Amino acid sequence: QVQLVESGGGLVQAGDSLRLSCAASGRTFSSAVMGWFRQAPGKEREFVAAMRWAFTYYEDSVKGRFTISGDNAKNTVYLQMNNLKPDDTALYYCAADIYGLATKQKGANYWGPGTQVTVSA
């Protein structure tokens with residue numbers, strides 16, 4: 001089992017930055033494909049970013065603005081979000097054991113409870 005807890009969400013204005021954190025436990029941190037999904041009201045869950053070894057993956061709309069990183073010593077994954085836009089407003093979920101990275105149907109076997117990010121216009 002993997003347990004994930006997100007933090008760092010909040011209410012910001014367009015153009016601001018936030019850094020989300022995900023504390024992981026229950027499994028070797030470095031062995032898992034870790035990342036982030038988000039879900040906005042009335043929309044389907046959407047892949048945001050993932051990391052595996054030295055490789056990173058991003059949804060097109062966040063490339064150049066978001067950066068995923070990790071700290072093995074702290075068992076923590078981060079999502080640095082810069083130049084936030086109102087369309088980024090969503091509940092952001094940390095995810096572990098992500099699969100289907102090369103497909104549209106990306107998913108994961110473990111999920112955190114989510115942290116809310118709200119970006120005002």
Side-chain angles (χ1 to χ4, degrees):
Q1 289 287 339
V2 173
Q3 294 189 123
L4 308 169
V5 180
E6 306 95 337
S7 62
L11 174 62
V12 298
Q13 294 182 313
D16 287 351
S17 298
L18 282 173
R19 188 177 75 160
L20 305 184
S21 298
C22 172
S25 63
R27 186 169 181 171
T28 302
F29 179 78
S30 61
S31 68
V33 180
M34 305 289 296
W36 298 86
F37 291 72
R38 66 187 182 186
Q39 186 168 20
K43 295 185 177 181
E44 297 292 324
R45 183 184 62 198
E46 177 187 43
F47 171 77
V48 177
M51 59 185 299
R52 180 185 182 184
W53 297 86
F55 300 94
T56 58
Y57 310 82
Y58 298 96
E59 194 272 326
D60 287 342
S61 69
V62 308
K63 288 182 178 178
R65 299 189 298 121
F66 291 11
T67 303
I68 187 170
S69 62
D71 186 336
N72 272 339
K74 298 180 179 179
N75 272 14
T76 302
V77 177
Y78 304 99
L79 185 67
Q80 178 67 44
M81 305 185 294
N82 296 328
N83 192 25
L84 283 161
K85 304 176 180 180
D87 285 348
D88 296 318
T89 295
L91 188 64
Y92 283 70
Y93 296 95
C94 183
D97 285 349
I98 292 172
Y99 55 84
L101 286 173
T103 74
K104 183 179 179 180
Q105 297 184 36
K106 301 176 181 66
N109 291 318
Y110 302 96
W111 301 91
T115 185
Q116 179 67 38
V117 172
T118 302
V119 184
S120 63

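Computed from a predicted structure; not experimentally measured.
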Exercise. Lys63: what forms a side chain to side chain donor-acceptor pair (under 3.5 Å) with it, not counting sequence neighbours?
Worked result: Asp60

Exercise. Of all residues at least two apart in sequence or in a different chain, which pass the side chain to side chain donor-acceptor pair (under 3.5 Å) check with Glu59?
Worked result: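 Partners of Glu59 by the side chain to side chain donor-acceptor pair (under 3.5 Å) criterion, ordered by chain and then number, come out as Ser61.
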
Exercise. Taking everything shown except Gln39 itself, do over 12 heavy atoms lie less than 6.0 Å from its CD?
Worked result: yes

Side chains of residues 45-52: which donor-acceptor pairs under 3.5 Å do they make with residues two or more places apart or in other chains?
residue : atom : partner : partner atom : Å
Glu46   : OE1  : Arg38   : NE           : 2.8
Glu46   : OE1  : Arg38   : NH2          : 3.3

Cluster question for you: counting only ILVMFWY and a side-chain heavy-atom cut-off of under 4.5 Å, with indirect links fine, are [X] and [Y] together?
X      : Y      : result
Trp111 : Ile98  : yes
Leu11  : Leu91  : no
Met34  : Tyr110 : yes

Quick one: side chains of residues 77-85, donor-acceptor pairs under 3.5 Å with protein atoms, not counting sequence neighbours, listed by atom name and distance.
residue : atom : partner : partner atom : Å
Gln80   : NE2  : Asn82   : OD1          : 2.9
Asn82   : OD1  : Ser17   : OG           : 2.9

For a quick test of your reading: what N or O donor-acceptor pairs under 3.5 Å do the side chains of residues 112-121 make, sequence neighbours left out?
residue : atom : partner : partner atom : Å
Thr115  : OG1  : Gly9    : N            : 3.2
Gln116  : NE2  : Ala90   : O            : 3.3
Gln116  : NE2  : Thr118  : OG1          : 3.3
Ser120  : OG   : Val12   : O            : 3.4

For this session: Would you list the pairs meeting disulfide (SG to SG under 2.5 Å) in which at least one residue belongs to residues 38-77, sequence neighbours left out?
Result: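 Disulfide (SG to SG under 2.5 Å) check on residues 38-77 returns no pairs.
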
For this session: Mind jotting down which residue pairs meet the disulfide (SG to SG under 2.5 Å) criterion with at least one end in residues 42-103? Sequence neighbours excluded, please.
Result: Cys22-Cys94

For this session: Give the minimum heavy-atom separation between Ala24 and Leu4, together with the two atoms involved.
Result: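 Smallest interatomic distance, heavy atoms only, reads CB-CD2, 3.7 Å.
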
Exercise. Taking the side chain from Tyr58 and the backbone from Ile68, do they hold a donor-acceptor pair closer than 3.5 Å?
Worked result: yes

For this session: Measure the spacing between CG of Leu20 and CZ of Phe66 and express it to the nearest 0.5 Å.
Result: 8.0 Å

Exercise. Under the side chain to side chain contact (heavy atoms under 4.5 Å, CB included) test, which residues partner Asp87, sequence neighbours left out?
Worked result: none

Problem set entry | Set of ring pair (Phe, Tyr, Trp, His ring centres under 6.0 Å) partners for Tyr92, sequence neighbours left out | none

